[in-house]
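To start, the structure itself, in structure tokens.
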Amino acid sequence: MKSFNLAVIAGDGIGPEVVAQGLKVLDVVAAKYQVNFVKKNYELGAAFWHKTKAALPDDVMNDLAKADVILLGAVGDPSVPSGTLERGLLLKLRFGFDHFVNLRPARLFAGVKSAVTNSNNIDFLVVREGTEGLYVGAGQVKDEGSKSELATEESINTYKGVERVIRYAFNKAKVRPRQKLTLVHKNNVLVRAGGLWTRVFNEVAKEFPEVKTDYLHVDAAAMFFVTNPDRFDVVVTDNLFGDILTDIAAAICGGIGLAASANINPTGKFPSMFEPVHGSAPDIAGKNLADPTATILSIAMMLDHLGLVDAARDVETAVAQDLLNRKDSKRGTDEIGAAISNAISKAVA
Ligand code: NAI
Ligand code: MG
């Protein structure tokens, strides 16, 4: 029997609620496909920070490094200064484990009504760079609190960092039916970073003659995500643009409660991490209102990553069926998780 070490960081707010449903689905899948997941829970997040004033101690990080994969719910809480957990925990994991690929699929499932677009043919993949750009934390503040305050945030882009994520995106585009890759940047204004991204994109493109290429400025891309989402197949972009665009992608595909993501270290040197795109949603926490579907779809991405492809398709099929039947039903977190788990256990492997 195959066995994997799974580190679980349920986190804050709705994190534990959606993770509980995700793990319910994973248990059903594990039994059905004869796979073993050895789970280890990590009590990280707001409560841990209040107790210790540390977001992610190095010894915990070293322990997490031993896992095969990590499942994360969400972190962030109004009682903790903004950025403490987002930078100190989430970004520490993404940067520390060199998750240079942040994969975020945008798929409009049948039966789901898109709030903002008439297109019913949305199925694209955003490959967001995960370890560079504005998120590295470079910059400074001078004269804080005064009228002469100066705040800078520096975007770091290296040839190595840009090349590896672009190459990954080309390889993804190559095996998809439409074989199309769109680079999104703002190379008319951000000429230094944009210049590097564009040059490397054109250079790597020569190795993939079968992949059609395209370029859009980020503002135009934001518009086309809403007006013409069917024009996209694979999109590659930097850390900040990818963060913002994927919330638009979530909105056009039925909402943030359905949006899955994977933080991948393709080299396998460190564990990859799977998490819903959404945050801890303090406004609905503890009310059985959060949709666990994003977490369950993130688990499907995790199964794919582990090579458990049939199990991944099984989870996706159960989610697709659930969304098709959902209509306007007012089910809560637990009910949706149970419906998807039941569908998987009933479906023939
Ligand atoms: P959010 O994603 O937590 O919530 C935005 C809106 O979407 C809220 O109205 C919320 O109720 C709704 N929502 C989110 N997930 C949902 C779900 N599964 N089902 C139904 N509705 C859902 O983003 P927000 O409010 O900007 O951030 C809240 C906290 O989460 C902050 O501390 C933020 O820094 C943190 N955050 C953490 C992330 C992570 O752990 N990966 C990502 C984004 C934000
Ligand atoms: Mg975001």
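Because the structure is predicted, anything quoted here is derived from the model rather than measured. Start at 1 and go down the list; that is how both ligands and their atoms are numbered.
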Are the charged groups of Lys51 and Glu43 less than 4.0 angstrom apart, N to O? no
Mind running side chain to side chain contact (heavy atoms under 4.5 Å, CB included) on His217 and His185 for me, showing each step along the way? CA-CA 5 Å; His217 295 316; His185 210 284; over 6 Å; no
Is the closest side-chain donor-acceptor distance between Asn265 and Thr267 under 3.5 Å? yes
Salt-bridge test for Lys186 and Asp219: reply yes if a basic N is under 4.0 Å from a carboxylate O, no otherwise. yes
Ligand 1 atoms nearer than 4.0 angstrom to some heavy atom of Glu275 are 41 (N)
Closer than 4.0 angstrom, basic N to acidic O: yes or no for Arg128 and Asp238? no
Ignoring hydrogens, tell whether any protein atom lies closer than 4.0 Å to atom 41 (N) of ligand 1; use the non-hydrogen atoms only. yes
Atom 5 (C) of ligand 1: any protein heavy atom closer than 4.0 Å: no
Modelled atom types, side-chain donor and acceptor of Glu86 and Thr84, under 3.5 Å: no
For atom 29 (C) of ligand 1, grab the closest protein heavy atom and report residue, atom and distance to one decimal in Å. Ser280 OG, 3.2 Å
How far is atom 44 (C) of ligand 1 from its nearest protein heavy atom, and which residue and atom name does that atom have? Gly279 CA, 3.5 Å
Before accepting this row, confirm whether a basic side-chain N of the pair Arg164/Asp98 lies closer than 4.0 Å to the acidic partner's carboxylate O. yes
Within the structure, does at least one protein heavy atom fall under 4.0 Å of atom 21 (N) of ligand 1? yes
Closest to atom 35 (C) of ligand 1 (heavy atoms only, candidates Leu72, Val75, Asn263) is Val75
Heavy atom of the protein closest to atom 17 (C) of ligand 1 (residue, atom name, distance): Asp291 N, 3.6 Å
Heavy-atom contact check, 4.0 Å cutoff: does Ala294 meet ligand 1? no
Go through ligand 1 atom by atom and flag the ones less than 4.0 Å from a non-hydrogen atom of Leu90. 39 (C), 40 (O), 41 (N)
Decide whether an N or O pair under 3.5 Å exists between Glu86 and ligand 1. yes
Note: ligand 1 atoms sitting under 4.0 Å from heavy atoms of Ala74 are 40 (O)
What I want to know is whether Ala281 and ligand 1 share at least one N or O pair that is separated by under 3.5 angstrom. yes
Does any N, O or S atom of Asp243, backbone or side chain, fall under 2.8 Å from the Mg ion (ligand 2)? yes
Indicate yes or no: does Asp233 engage Arg176 in a salt bridge with an N to O separation below 4.0 Å. yes
Nearest-neighbour protein heavy atom for atom 8 (C) of ligand 1, which is reported as residue plus atom name and distance: Asp283 OD2, 3.4 Å
On the six-membered ring of Phe224, is Arg231 placed so that its NZ or CZ lies under 6.0 angstrom from the centre and within 45° of the ring axis? yes
For ligand 1, indicate whether the residue Ile284 contacts it via side chain, backbone, both or neither (heavy-atom separation under 4.0 Å). side chain
From Gly45, Pro282, Gly73, Ala290 - option closest to atom 28 (C) of ligand 1 by heavy atom: Pro282
Starting from atom 7 (O) of ligand 1, what is the nearest protein heavy atom, named by residue and atom, and what distance separates them? Ile256 CG2, 3.5 Å
Would you call Asp310 and Lys32 a salt bridge, using N to O less than 4.0 angstrom? no
Using the ring of each side chain (for Trp, its six-membered ring), is Phe232 parallel, tilted or perpendicular to Phe225, with breaks at 30° and 60°? perpendicular
Atom 2 (O) of ligand 1: any protein heavy atom closer than 4.0 Å: yes
N/O of Val277 under 3.5 Å from N/O of ligand 1, yes or no? no
Atoms of ligand 1 under 4.0 Å from any heavy atom of Gly76, numbered from 1 in the order shown, are 32 (O)
Lys24 with Asp334: basic N within carboxylate O range, under 4.0 Å: no
If a pair satisfies side chain to side chain donor-acceptor pair (under 3.5 Å) and one of its residues is in residues 165-175, list it, with sequence neighbours excluded. Glu163-Arg167, Arg167-Glu207
closest protein heavy atom to atom 16 (C) of ligand 1 is Ile14 CD1, 3.9 Å
